[in-house]
Amino acid sequence: MSNQYVSRVVETVKKRYPGEAEFHQAVAEVLESLTPVIEKNKVIEELGILERITEPERQIIFRVPWVDDAGKVQVNRGLRVQYNSALGPYKGGIRFHPSVNTSIIKFLGFEQIFKNSLTGLMMGGGKGGADFDPKGKSDNEVMRFCQSFMTELYRHIDADTDVPAGDIGVGGREIGFMFGQYKRIKNIFHGVLTGKGLLYGGSLARTEATGYGTVYFCNEMLKDRQSCIEGKKVVISGSGNVAIYATEKAMSLGAKVVALSDSSGYIYDAEGIKLDLVKRLKEIERKRISEYVKEVKSAKYTEGCSGIWTIPCDIALPCATQNELDGNSAQTLVKNGCIAVAEGANMPSTPDAVKVFLDAKISFGPGKAANAGGVATSGLEMAQNSQRLSWTFDEVDAKLHQIMVNIHATAKNAAEEYNTPGNLVNGANIAGFLKVANTMMLHGV
Ligand code: NDP
């Protein structure tokens with residue numbers, strides 16, 4: 001259904017960046033949903049907006065050498081993609097995971113442009129990372145790696161230029177080590193990173209924000225069906241930052257969360273997940289989710305992660321990683337009565353899965369809208385840092401809640417305006433895009 005201009009740009013991206021499957025997937029998904037906007041506004045093609053928005057403004061690739069505890073030199077590859085600065089300083093997380101490559105960082109950076117636009121805050125889009133695996137490393141190894149990573153990255157970032165945050169494998173510990181190194185090298189103390197510790201400029205509610213925001217967004221979708229999350233059975237994938245705080249918020253609003261996972265397998269607890277235990281295992285002891293069943297005898301652990309979607313539920317929140325939920329899993333969820341899916345992770349549903357959800361007309365919240373609470377609260381952290389003030393947890397949480405309500409309304413209205421009512425994939429892409437595109441036009445070529 002896409003028009004010629006869209007097809008041409010998608011083909012150019014594929015030719016220019018061969019082998020970058022995740023990046024191609026994200027570009028095709030966004031651009032195809034923009035077709036009605038492009039047909040209505042010919043100036044988008046005349047000014048080459050799609051060609052410009054798909055090409056990052058800048059990409060930095062660098063060597064990250066470090067010495068492990070055995071005294072052996074290790075080398076990883078670091079990346080930062082500064083994608084689009086039309087709306088503000090580049091903003092987006094840093095991911096440490098062995099799978100990190102240019103395709104994954106570019107897909108994440110591209111999505112980030114539209115997500116950040118949807119928040120209503122002044123933030124451009126970027127993303128970074130390294131193919132470093134913090135799992136199984138000592139705190140000292142992680143520190144030496146983070147210091148080496150920042151020894152190059154510091155040249156390219158600044159509180160008004162590019163403000164990285166956490167993502168998979170990068171939490172408070174890693175942000176602390178990177179901030180310490182930045183400060184040491186630059187001799188400047190400012191909000192160059194978000195997700196910082198509360199003792200040195202972090203925002204209350206930032207840790208919780210992505211998970212809480214995903215649940216707020218889900219509740220808004222449910223309101224449109226004259227329903228709410230209270231009393232619902234929820235399955236959540238992952239057991240990291242996003243999954244843990246989505247669980248916490250869903251439970252506090254009266255839902256029962258029955259399953260969580262990691263990249264090895266999933267746990268099912270029909271009585272409802274004991275969140276204090278999960279927090280201890282994952283946040284403090286850094287153990288595998290399988291340890292849960294050693295302490296909760298009635299719970300069951302199953303190897304392999306995709307089986308989690310066979311558990312019957314009312315609501316599914318994929319909060320682990322990209323392409324973790326395929327077309328077959330989506331069909332199983334729908335067949336089992338699932339009425340809403342909100343993506344806490346970035347692009348966790350494959351294109352086939354998204355089609356199943358949209359065709360079945362269940363509520364579907366795409367990641368760039370549903371998980372935007374994390375970066376929105378990072379934006380609030382930047383605002384507090386600029387003021388040299390800290391807001392209370394309730395103040396930040398109230399702002400986060402309002403931002404998620406607004407994002408839902410914005411995506412819903414755009415979907416209606418462009419004749420696909422209820423399709424929040426189209427709505428989020430269109431609304432996020434228009435603000436960036438209109439600004440790029442004002443800035444000139
Ligand atoms: P964490 O590193 O805290 O947790 C990631 C979780 O996902 C872990 O449980 C991990 O298990 C699991 N996981 C990773 N890879 C796979 C895989 N291939 N299959 C199944 N499970 C897997 O990361 P976050 O919670 O921060 O991030 C989760 C998702 O949310 C990502 O897509 C991220 O981009 C997105 N996101 C995060 C934001 C944030 O504020 N943190 C903001 C917006 C989006 P294991 O320990 O076995 O690797």
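Just so it is clear, the structure is predicted and the values come from calculations on it, not from any experiment. Counting convention: from 1, in listed order, for ligands and their atoms alike. Basis for what follows: all heavy atoms, side chains included, without hydrogens, waters or symmetry-related copies.
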Participant: Near ligand 1, which residues have a heavy atom under 4.0 Å away from one of its atoms?
Facilitator: Arg95, Lys115, Lys135, Asp167, Ile168, Gly169, Arg206, Thr210, Gly238, Ser239, Gly240, Asn241, Val242, Ser261, Asp262, Ser263, Arg288, Cys305, Cys319, Ala320, Thr321, Gly344, Ala345, Asn346, Asn371
Participant: Provide the full list of side chain to side chain donor-acceptor pair (under 3.5 Å) pairs with a residue in residues 125-134, sequence neighbours left out, each pair given once.
Facilitator: Asn76-Asp131, Lys127-Asp167
Participant: Cation-pi check for Tyr212 against Lys249: NZ or CZ below 6.0 Å from the six-membered ring centre and within 45 degrees of the axis, yes or no?
Facilitator: yes
Participant: What pairs meet the salt bridge (charged side-chain N to carboxylate O under 4.0 Å, His left out) rule with one or both residues in residues 344-356, with sequence neighbours excluded?
Facilitator: Lys355-Asp359
Participant: For residues 381-402, which residue pairs qualify under salt bridge (charged side-chain N to carboxylate O under 4.0 Å, His left out), counting only residues two or more places apart or in two chains?
Facilitator: Lys196-Glu381
Participant: Does the pair Arg95/Glu174 count as a salt bridge with the N-to-O cut at 4.0 Å?
Facilitator: no
Participant: Tell me whether the guanidinium CZ or amine NZ of Lys300 lies under 6.0 angstrom from the six-membered ring centre of Tyr268 and within 45° of its axis.
Facilitator: no
